[in-house]
**Q** 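What follows is a structure written as C-alpha cells; I'll ask about it next.
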Amino acid sequence: MDYLARREHGRVELANKLTKFGFDPHIADDAIERLIADGLQSDERFVEAFVRSRINQGKGPARIRADLKHRGLPGSLIDNGLLGAEQNWYDLAREVHARKFGHNRPRDFKEKARQMRFLQSRGFEQDHIQAAVSGEDD
C-alpha cells in the first residue's frame with residue numbers, strides 16, 4: 001500500500017518491487033490480488049497516469065509504448081491508453097521541436113538530421129518528425 005500511496009504502479013512493476021525487497025513471490029502475488037480486488041491497484045489507471053505524465057514531459061508514442069512494455073504491461077492495454085489520451089502527436093512533436101529549436105527551419109541537412117534524431121529519441125514516429133521539422137501541418 002505504501003508504494004501505491006506515492007504513485008500508481010503496474011501489477012508487474014509492483015510485484016518486482018515487492019520481491020526485490022525480500023517478499024516471497026507467492027505472498028506478493030496474493031497481496032496484489034487483494035489490492036486489485038479492493039480497487040487500489042489498476043493497470044488501466046496506471047497506464048492512463050503514465051501516458052499523461054509522459055505527454056507532459058514531451059515524449060512521443062513510441063517512447064511511451066516502449067516504457068510501458070518494459071514495465072510488463074500488455075500491448076492492448078498500452079494501445080488503449082494511448083488512444084484514450086486523445087493526443088495529437090503532430091502538435092506535440094511541433095511543440096517539442098519549437099521549444100528546443102525555435103520556429104526556424106533547419107539551415108542544412110546536418111542540422112535537419114540532428115533535429116530529427118532529437119525527436120526520434122523522444123519517441124516520435126517518422127511522420128510526426130517530418131511534420132515538425134518541415135513545419136507542415138498534419
**Q** Taking side chain as C-beta onward, heavy atoms only, is Met116 less than 4.5 Å from Gln130?
**A** yes
**Q** Is there side-chain contact between Phe23 and Asp29, with heavy atoms separated by less than 4.5 Å?
**A** no
**Q** What I'd like to find out is whether the side chain of Phe124 reaches to under 4.5 Å of the side chain of Lys59, using heavy atoms alone.
**A** no
**Q** Do Ser42 and Ile36 make a side-chain contact, defined as non-hydrogen atoms from C-beta onward lying under 4.5 Å apart?
**A** no
**Q** What is the minimum heavy-atom distance between Thr19 and Ala28, and which atoms define it?
**A** CG2-CB, 4.4 Å
**Q** Taking a hydrophobic cluster as the set of Ile, Leu, Val, Met, Phe, Trp and Tyr residues connected by side-chain heavy atoms closer than 4.5 Å, whether directly or through intermediates, do Trp89 and Phe101 fall within one such cluster?
**A** yes
**Q** Look only at the side chain of Arg63 and the backbone of Ser121, and say whether a donor-acceptor pair between them is shorter than 3.5 Å.
**A** yes
**Q** Hey, what do you get for CD (Gln57) to CG (Leu92), rounding to the nearest 0.5 Å?
**A** 11.0 Å
**Q** Is any side-chain heavy atom of Val96 less than 4.5 Å from a side-chain heavy atom of Arg99?
**A** yes
**Q** Please report the shortest heavy-atom distance between Ala85 and Arg52, naming the atom on each side.
**A** O-NH2, 3.1 Å
**Q** Does the distance from a Lys or Arg side-chain N to an Asp or Glu carboxylate O, for Glu48 and Arg45, drop under 4.0 Å?
**A** no
**Q** Over all heavy atoms of both residues, which pair between Ala93 and Leu119 is shortest? Give the atoms and the distance, please.
**A** O-CD2, 3.9 Å
**Q** Between Arg122 and Gly58, what is the shortest heavy-atom contact and its length?
**A** NH1-O, 3.2 Å
**Q** For the residue pair Ile78 and Ile64, establish whether any side-chain heavy-atom pair is separated by less than 4.5 Å.
**A** no
**Q** Treat each ILVMFWY residue as a node, draw an edge where side-chain heavy atoms are under 4.5 Å apart, and state whether Leu35 and Leu77 are in one component.
**A** no
**Q** For Gln87, is the CD atom crowded, meaning more than 12 foreign heavy atoms sit under 6.0 Å from it?
**A** yes
**Q** Let me confirm one number: the CG-CZ distance from Leu68 to Phe46, rounded to the nearest 0.5 Å.
**A** 6.0 Å
**Q** With respect to Leu73, which candidate in Val12, Asp43, Asp67 satisfies the side chain to side chain contact (heavy atoms under 4.5 Å, CB included) definition?
**A** Asp43
**Q** At what distance, to the nearest 0.5 angstrom, does CD of Glu33 lie from CG of Asp38?
**A** 11.0 Å
**Q** For the residue pair Gly81 and Val47, what are the closest heavy atoms and their distance?
**A** CA-CG1, 3.7 Å
**Q** Quick one: pull up CD in Glu13 and CD in Gln41 and give me the separation to the nearest 0.5 Å.
**A** 9.5 Å
**Q** Can you tell me how far apart NZ (Lys112) and OG (Ser134) are? Round to the nearest 0.5 Å.
**A** 6.5 Å
**Q** Hey, could you give me the CG/NE2 distance between Leu40 and His9, rounded to the nearest 0.5 Å?
**A** 13.5 Å
**Q** Indicate yes or no: at least one non-hydrogen side-chain atom of Glu8 is less than 4.5 angstrom from one of Phe50.
**A** no
